[in-house]
Amino acid sequence: MRVLFLPEVRQYFSELIETLLDKEYFSFEDTAVEYVEELILDIERTLHLRVSKPAPPYFEKYGRGMLYAVFPKSRVTQWYVFFTQYYVDGEIIYLVRYISNNHMIAKYLFS
């Protein structure tokens, strides 16, 4: 089992560090970096264990036939990871195509 991230998702993680600092969710760069690194590791280690659901039609702009899984990070923030599964030589590959949190996309998930 492998988890791969599209370049756009990797770029999002880099920008997320700056966003967390700019919006003062974190006061220090090292804590923002640690938060993002922990999120990435959690996805890499547990995506295959998470309950996944078909992505709503709104998210087809990021890929067709996607699934999504939820990664809670706090009482108020949950990350939604959208991915497709592929089988290559008997190995499952999870390709993460999009990620966002409940503050940004809840209206598209539960409408």
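Under the 4.5 Å side-chain heavy-atom criterion for grouping Ile, Leu, Val, Met, Phe, Trp and Tyr, L67 is connected to I43 within one hydrophobic cluster. In the hydrophobic cluster analysis, where Ile, Leu, Val, Met, Phe, Trp and Tyr join through side-chain heavy atoms closer than 4.5 angstrom, L47 is grouped together with Y35. Y58 and M104 fall within a single hydrophobic cluster, where Ile, Leu, Val, Met, Phe, Trp and Tyr side chains are chained together by heavy-atom contacts under 4.5 Å. Residue I92 is grouped with residue V88 when hydrophobic side chains (ILVMFWY) are merged at heavy-atom distances under 4.5 angstrom, including chains of intermediate members. There is a path of hydrophobic side-chain contacts, each under 4.5 Å, that joins Y25 to V33.
Distance CG/L39 to CD1/I99: 4.5 Å, rounded to 0.5 Å. Between the CG atom of L20 and the OG atom of S27 there is a distance of 11.5 Å, given to the nearest 0.5 Å. Considering CD1 of I17 and OG1 of T31, their distance stands at 10.5 Å, rounded to 0.5 Å. Going from atom CE of M66 over to atom CG of L95 covers 10.0 Å, rounded to the nearest 0.5 Å. Rounding to the nearest 0.5 Å places CD of E34 at 10.5 Å from CG of L41. Atom CD of residue E15 and atom CD of residue E8 lie 11.0 Å apart, to the nearest 0.5 angstrom.
Within a 6.0 Å sphere centred on CZ of R10, other residues, nucleotides and ligands contribute more than 12 heavy atoms. In the displayed structure, K73 atom NZ is contacted under 6.0 Å by more than 12 heavy atoms of other residues, nucleotides or ligands. Dense packing is recorded around OH of Y86, with more than 12 heavy atoms of other residues, nucleotides or ligands lying under 6.0 Å away.
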Exercise. Quick one: do Y12 and S14 satisfy side chain to side chain donor-acceptor pair (under 3.5 Å)? Show the steps, please.
Key: CA-CA 5 Å; Y12 177 80; S14 295; over 6 Å; no

Problem set entry | Stepwise side-chain contact (heavy atoms from CB on, under 4.5 Å) test for F59 and I105 | CA-CA 10 Å; F59 297 96; I105 64 168; 4.0 Å; yes

| said: Between R50 and V70, does the side-chain contact (heavy atoms from CB on, under 4.5 Å) criterion hold? Intermediate values first, please. | reply: CA-CA 7 Å; R50 303 282 174 151; V70 182; over 6 Å; no

Exercise for review: Check the pair Y94 / R2 against side-chain contact (heavy atoms from CB on, under 4.5 Å), numbers first and verdict last.
Suggested key: CA-CA 6 Å; Y94 295 86; R2 278 191 295 163; over 6 Å; no

Going through the checks in order, is the side-chain contact (heavy atoms from CB on, under 4.5 Å) test met by E91 and I93?
-> CA-CA 6 Å; E91 181 180 31; I93 308 294; 3.8 Å; yes

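Closest heavy-atom contact between Y98 and S100: OH-CB, 3.7 Å. Residues W79 and N101 approach most closely at CH2-ND2, 3.5 Å, considering heavy atoms. Contact detail for V81 and V96: the closest heavy-atom pair is CG1-CG1, 3.7 Å.
The closest side-chain donor-acceptor pair between Y80 and Q78 falls under 3.5 angstrom.
Remark: the backbone N or O of V3 is not paired with any side-chain donor or acceptor of H48 at under 3.5 angstrom. Formation of a donor-acceptor pair under 3.5 Å by the S74 side chain with backbone atoms of T77 is found in this model.
A cation-pi arrangement is absent between R97 and F83 under the rule of less than 6.0 angstrom and at most 45 degrees off the ring axis.
Note on residues 62-71: pairs passing side-chain hydrogen bond (donor to acceptor under 3.5 Å, both in side chains), not counting sequence neighbours, are E60-R64.
If you look at F13 and F5, their ring centroids are closer than 6.0 Å.
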